[in-house]
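Notes follow once the structure below has been shown.
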Amino acid sequence: MATTQYGVERRAAQRFDFHRSVAIRRTSEEGLAFTQDLSARGMFLYTDMVLHAGEDLEVVLDMPAEITLSDDTRVRCQVRVLRVTPAAASHKSGVALLVRNYEFLQEASIAAPRHTPDQALDAEAAVLASEHPVWTGSLR
């Protein structure tokens with residue numbers, strides 16, 4: 001009698017096969033990667049950066065319209081590295097990430113921010129003001 005074994009699917013959210021460039025930030029270090037797939041709870045990507053399980057990172061990407069059901073939307077995600085597959089012939093490591101928190105970003109508005117003459121805005125504050133979060137959420 002032959003028996004067939006079925007793997008148990010442990011993912012809580014549907015995966016979408018999308019290949020997108022993403023920016024990765026770890027404290028002061030920045031790098032690039034590209035996704036293999038995305039879901040509401042995580043992503044799998046390939047990168048040249050040396051990453052380790054348990055690390056917390058920031059990832060910024062343009063979420064495709066097929067997932068957002070509207071236009072492509074820029075999203076900043078706080079993620080945790082779940083596992084790293086060592087680099088093979090491509091010299092890029094495969095990295096599974098858990099999305100812990102995220103925010104949708106809107107483009108910088110055309111109008112300049114209002115402030116009184118005695119309020120000085122430094123360059124960093126001006127950049128932060130141009131990336132106004134529309135919505136934030138947590139997946140815990």
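Heavy-atom basis, side chains included; hydrogens, waters and symmetry copies ignored.
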Side chains of [X] and [Y], heavy atoms from C-beta outward: is any pair under 4.5 Å?
| X | Y | result |
| --- | --- | --- |
| Leu61 | Cys77 | yes |
| Leu38 | Met43 | yes |
| Phe34 | Lys92 | yes |
| Val60 | Val75 | no |
| Val95 | Thr85 | no |

Item to check | Contacts of Asp56 that satisfy salt bridge (Lys or Arg N to Asp or Glu O under 4.0 Å) - sequence neighbours left out | outcome: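 Expected list: Arg80, Arg100.
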Can you see which heavy atom on [X] is nearest to which on [Y], and at what distance?
| X | Y | answer |
| --- | --- | --- |
| His52 | Glu55 | N-OE1, 2.5 Å |
| Ala65 | Ser70 | CB-O, 2.8 Å |
| Ala33 | Leu45 | CB-CD1, 3.8 Å |

Checklist entry - Would Phe44 end up clustered with Ile24 when hydrophobic side chains under 4.5 Å apart are linked, directly or stepwise? => result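 Phe44 does not cluster with Ile24.
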Checklist entry - Out of curiosity, does Val99 fall in the hydrophobic cluster containing Phe104 (side-chain heavy atoms, cut-off under 4.5 Å, transitive links)? => result yes
Taking the side chain from [X] and the backbone from [Y], do they hold a donor-acceptor pair closer than 3.5 Å?
| X | Y | result |
| --- | --- | --- |
| Ser93 | Pro86 | no |
| Thr35 | Asp37 | no |
| Asn101 | Gln78 | no |

Item to check | Remaining members of hydrophobic cluster (4.5 Å side-chain criterion), Val50 | outcome: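 Hydrophobic cluster check, Val50: no partners found.
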Checklist entry - What residues join Leu69 in its hydrophobic cluster, counting side-chain heavy atom gaps under 4.5 Å, either direct or through other members? => result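 Joined to Leu69, directly or through intermediates: none.
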[X]: which residues meet the side-chain contact (heavy atoms from CB on, under 4.5 Å) condition with it, sequence neighbours left out?
| X | result |
| --- | --- |
| Thr27 | none |
| Glu30 | Arg25 |
| Leu82 | Ala96, Leu98 |

Item to check | Gln36 and Tyr46 side chains, donor-acceptor separation under 3.5 Å | outcome: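 Present: a donor and an acceptor within the cut-off.
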Next on the checklist: Rounded to the nearest 0.5 Å, what separates atom CE in Met63 from atom OH in Tyr102?
Outcome noted: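 The OH atom of Tyr102 is 8.5 Å from CE of Met63, to the nearest 0.5 Å.
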Item to check | Candidate pair Leu57 and Glu29, rule side-chain contact (heavy atoms from CB on, under 4.5 Å), full reasoning | outcome: CA-CA 10 Å; Leu57 308 169; Glu29 183 182 4; over 6 Å; no
